[in-house]
Number of protein chains: 2
Amino acid sequence: MVGVKKEIALEDISVRSTVNRTAPIDRVDAESMALILKAVADPARLQLLSILKYAPNQEACVCDLTAPLGLSQPTVSHHLKVLADAGLLTRERRGSWAWFSLVPLRLNELRSFLE
Amino acid sequence: MVGVKKEIALEDISVRSTVNRTAPIDRVDAESMALILKAVADPARLQLLSILKYAPNQEACVCDLTAPLGLSQPTVSHHLKVLADAGLLTRERRGSWAWFSLVPLRLNELRSFLE
DNA sequence: TATCTATATTGACGAATATCGATATACAAT
DNA sequence: ATTGTATATCGATATTCGTCAATATAGATA
């Protein structure tokens, strides 16, 4: 498994985590939630989410995001991919640009998990 | 700075993160929030928080936590320290035992940050 | 005191992560 | 086709993280 990138299977989280709990989560559910939380638990990625939230149409392209973060273009691209893989952003190509948007439903899952 | 353990300064987060935002968070605030999110973004620590939530009095000692997690005692102790350093748990000694409790206020900060 | 038990700390290890420069790819426009 | 721009991927590196075995510490009890 060396060098194999882990992608998040969205179904793993979406269904089980939103159930009203009556008992502690098991390891499987905990690992699913940890995946989405890890995606958010980074200062650069928190800034990206926050910038998108306050952006017109809640969307932006990579070129608008490198400057406010003070990070290189590859690094910003990497963080956007992590967020997209976690289902928190969607990516849409328009000409040369890649536009990223928030996925409110996914963010709600995060919120509702924390009750 | 090699080998120096980072501890979270609770004041850094508690004040600024609960303010109603009108603009994207800056790097400093993002780093503060990332600290508490990192503490939560681990399957073992999510299980610990969840177990405590459903425990009588929302508290438990280390000896009750190693078995359900399937991890060694030092590892569980480590995770509890991470959560306590993030202000999410309090530790109280009673005789030989160390009892850990949830800090609801701190968990609310986490929730309210995600709006 | 000595001993037992519960918890914390240390030291080490492999795995994962954040970052960048260099490069590849995709698309647009000449 | 060529050139230019925007984005993605690759390769490397330094750092952080999760885990355990071994050990240390704290407190209870004999």
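A, B, ... follow the sequence lines: proteins, then strands. Residue 1 opens every chain.
For residues 42-58 of chain A, proximity to DNA chain D is found at no residue, defined as any non-hydrogen atom under 4.0 angstrom from a strand atom. Within a heavy-atom distance below 4.0 Å of DNA chain C, the residues of residues 69-79 of chain B found are Q73(B), P74(B), S77(B).
For L35(A) and dG18(D), the CG to P distance is 13 Å, given to the nearest whole Å. We find that CG of D64(B) is positioned 14 Å from C1' of dT5(C), with the value rounded to whole Å. The NZ-P distance, from K81(A) to dA18(C), rounds to 14 Å in whole Å. To the nearest angstrom, P of dT7(C) lies 13 Å from CD of E92(B). Atoms CG (L80(A)) and C1' (dT19(C)) sit 15 Å apart, rounded to a whole Å. dT16(D) atom P lies 19 Å from atom CG of L37(B), rounded to whole Å.
Within the hydrophobic cluster formed by Ile, Leu, Val, Met, Phe, Trp and Tyr side chains joined at under 4.5 Å, directly or through other members, W99(A) is accompanied by W97(A).
Where K38(A) and R91(A) meet DNA chain D, the nucleotide closest to each residue was compared, and R91(A) sits on the side nearer the 5' end.
Shown here are the side-chain contact (heavy atoms from CB on, under 4.5 Å) partners of L107(B), two or more places apart in sequence or in another chain: L88(B), L102(B), R111(B).
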Protein-nucleotides 27-30 of chain D N/O pairs under 3.5 Å:
none

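Under the 3.5 Å distance criterion, the side-chain polar atoms of R93(B) are matched with a main-chain donor or acceptor of S96(B). Side-chain atoms of S112(B) come within 3.5 Å of backbone atoms of N108(B) as a donor-acceptor pair (strictly under, hydrogens ignored).
I51(A) has its side chain out of reach of I25(B): every pair of non-hydrogen atoms, C-beta onward, lies at least 4.5 Å apart.
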Compile the donor-acceptor pairs under 3.5 Å between side chains in residues 67-80 of chain B and protein atoms, sequence neighbours left out, one pair per line.
from, atom 1, to, atom 2, distance (Å)
S72(B), OG, T75(B), N, 3.3
S72(B), OG, T75(B), OG1, 2.9
H79(B), ND1, R45(B), NH1, 3.0

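Annotation for S50(B) and P24(A): closest pair OG-CA, 3.1 Å, computed over non-hydrogen atoms.
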